[in-house]
Amino acid sequence: MIRLEPRRQHSQKMVYLSPLLAILLTLITGAIIFAFMGKDPIEALYTFFIMPINNAYGVGELFVKATPLVIIAVGLAMGFRANVWNIGAEGQLTMGAIFGGGLALAFYDSESALLLPGMFVLAAIGGTFWAAIPAWLRTRFNANEILTSLMLTYVATLFLSYLVYGPWRNPEGFSFPESRAFPDAALLPIIYDGTRVHLGAIFALLIVAGGWVLLTKSVVGFQLRVVGQAPQAARHVGFRQKRMVWFTLLLSGALSGLAGMFEVAGPIGQLQPSISPGYGFTAIIVAFLGRLHPIGILFAGLVMALTYLGGELAQIGLGLPSAVTGLFQGILLFFLLACDVLTKYRVRFGTVSKSGETA
Amino acid sequence: MDWIVPFILTVITASTPLLLAATGELITEKSGVLNLGVEGMMLIGAIAGFAITASTGSATLGIFAAAIAGMVTALVFAFLTLTLMANQVATGLALTIFGVGISALVGSGFVGFAIEPLPALNIPVISDIPVIGPILFGQDFLVYFSIFMVLASGWFLTRTRAGLILKAVGDSHDSAHAIGYNVIRIRYMATLFGGAMSGLGGAYLSLAYTPMWAENMTAGRGWIALALVVFATWRPGRLLAGAYMFGCISVLQLHAQSAGINVPSQFMSMLPYLATVVVLVIISSDYTKIRLNAPACIGKAFRPAQ
């Protein structure tokens, strides 16, 4: 029999080891799944995890995919620390893309250097606005932010679909459901020639640094941790939980909105019915894999970006549906949560005898 | 008034998956476990039911497969949250992400497959009675099963000893443990029941509602089912009413388009999601109702003292 024995203190070693262990277990499970589907496991794993990044362009794509994941996850992690569960980042991303992209479309023949900064501001406002709704409903009406933010994701996606099928459809677009291509002034500059790595990657690094300062060096970061870990104590010392709900939701909404605008002003270059392969949801896993810490999130973002690239190559090279990506992501989160038991408990094998000794 | 009977019939088919999944989640939550993976379990049930029906030709086997697949998925959740004490919110989300992925993977071989929709249990003579005949007696098995299960859950929770124990475990796991009940085992059973019901809810979508497989075909119904449990303030009677009200909203959306109401289809499609938000707000703001009925230990990990 397996028994769990509480540790006196959380094992710091295990906090860092459990993500690595989870990744290893996911790889093993992946190999088994591939074998089960009649693929050579080694070759399949190579196709999935190594081939995407064995050239400069591939590494660039890794940064392109990691950029939105890292930006969103830093915001979400702040909320998760305070037990605020923003599950609607995907919707906030969509709203950011709509607000920022809308400005680009309104000035579709502009060459102004102010266009891009304007899109930044509007995208952040769009994401913030969409996150403010669950924040208000939670603080004013006590409505569960998990369900409201998620429902609003469906609403945002449908709204985007309405825009690109309707009023914002490209008049010269041969009836494809997509907007005009953004003008050059509305596109993020490429920071490394020969790849698609854009200015957003620099922003992701700045946001990681900012998140780290906020979390470790500021009073707000301290309050976040207290509200999450000891809500009773937080009340006694007068930290207002409502304020934490507002702060974390608005922050993560603004960041998600920015990430959405980076996608449409970066790799996509226009508005389409689908602008994200679920970055808002994957960022939840990135936040956990990164231990809710900005630096960890940076690495976790790269790992999860790899699953997207691997999924694409698996589709072409192995004839697997791209949904394999989601499968790997789900399994990784399962293993991560399972391995986390090791930070709080020691695993003991054998039964307890009457005297309390392990047999 | 020719439209009334077809309208009610579509409302019933649209409500049944919600009712099945929400009844399962209600029992799970009553035991103190918050499983946010309903959407994932529904998808896995939908593809399991469809794949088995399509390859064996037997809808009965498909329905069993869906229930079992939902239970197996719930078992993963239960092991992580009850045995390993992982965070229930995060694990539920993982279950949904996993369910979307694995159902799409398995389902990729079944796109474009056609199956016979779940047959209605047409009882000769009485099914032919105008209006009430087809509505009351012309449904398929899962419709009757869903109504039976929600009523049975109500009876179970209020009238049986096992139901009282389940509620005790959900309200105070420490006291329940102290009087000698096996909290973990009871929660395992409630979670597995929730999984089986979610699996059936998914199967209803792929076998009866739209007899086909499409990626992500639940389209948020699992989340709406979760909201319905809150709406019902954890009471099965209100759950029945809520599920049928939601079925009504999602069907109105379809009928408004054919009736020529000139609103873009995307805005009509937003209705069920917006309705969910509105309903949640109305119910949640009534603090006493939530406080009186919500299981006090919901979402909290239990570790027996040694």
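So you know, we letter chains A, B, ... as the sequences are listed, proteins then strands, and number each from 1. Values below: all heavy atoms of this structure, side chains included; hydrogens, waters and symmetry mates excluded.
Both the backbone and the side chain of A:Asn142 have a heavy atom closer than 4.5 Å to some heavy atom of chain B. Contacts between A:Leu336 and chain B at a heavy-atom distance below 4.5 Å are absent for every atom of the residue. Contacts between A:Leu342 and chain B at a heavy-atom distance below 4.5 Å are absent for every atom of the residue. For A:Leu332, no part lies near chain B; criterion is any non-hydrogen pair under 4.5 Å. With a 4.5 Å cut-off on non-hydrogen atoms, A:Ile331 touches chain B through its backbone and its side chain both. In this structure, no portion of B:Phe79 lies under 4.5 Å from any heavy atom of chain A. Contacts between A:Phe159 and chain B at a heavy-atom distance below 4.5 Å involve backbone atoms as well as side-chain atoms. Contacts of B:Thr81 with chain A are absent, with no heavy-atom separation under 4.5 Å from either backbone or side chain. The contact between A:Leu337 and chain B is made by backbone and side chain atoms together, counting heavy-atom distances below 4.5 Å. Both the backbone and the side chain of A:Tyr162 come within contact range of chain B, judged by heavy atoms closer than 4.5 Å.
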Please walk me through it: do B:Val277 and A:Leu137 pass side-chain contact (heavy atoms from CB on, under 4.5 Å)?
CA-CA 9 Å; B:Val277 173; A:Leu137 298 180; 3.5 Å; yes
Verdict with supporting geometry, B:Leu226 and A:Leu147, side-chain contact (heavy atoms from CB on, under 4.5 Å):
CA-CA 8 Å; B:Leu226 278 160; A:Leu147 292 170; 3.9 Å; yes
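Here B:Trp223 contributes atom CH2 and A:Ile146 contributes atom CD1; the two are 7.0 Å apart, rounded to the nearest 0.5 Å. Taken to the nearest 0.5 Å, the CE atom of B:Met270 stands 10.5 Å off from the CG atom of A:Leu152. Here the CZ atom belonging to B:Phe267 is positioned 9.5 Å from the CG atom belonging to A:Leu158, to the nearest 0.5 angstrom.
Counting heavy-atom pairs under 4.5 Å between each of A:Trp85, A:Tyr165, A:Phe334 and chain B puts A:Phe334 at the top. Between chain B and the residues A:Val324, A:Thr325, A:Leu150, the largest count of heavy-atom pairs under 4.5 Å involves A:Leu150.
Applying the ring pair (Phe, Tyr, Trp, His ring centres under 6.0 Å) criterion to A:Phe328, with sequence neighbours excluded, gives A:Phe34, A:Phe48, A:Phe49.
At a heavy-atom cut-off of under 4.5 Å, chain A is reached by B:Met85, B:Ala86, B:Asn87, B:Val89, B:Ala90, B:Thr91, B:Leu93, B:Ala94, B:Leu95, B:Ile97, B:Phe98, B:Gly101, B:Ile102 from residues 85-103 of chain B, listed in order of number. Annotation: residues 29-43 of chain B contacts chain A through B:Leu36, B:Glu39 [non-hydrogen atoms, separation under 4.5 Å]. Within residues 278-286 of chain B, the residues having any heavy atom closer than 4.5 Å to a heavy atom of chain A are B:Leu280, B:Val281, B:Ser284, B:Ser285, listed by residue number.
The minimum heavy-atom distance between A:Met151 and B:Gly220, with the atom names listed, is CE-O, 4.3 Å.
Using a 4.5 Å heavy-atom cutoff, the side chains of A:Val155 and B:Leu274 are in contact.
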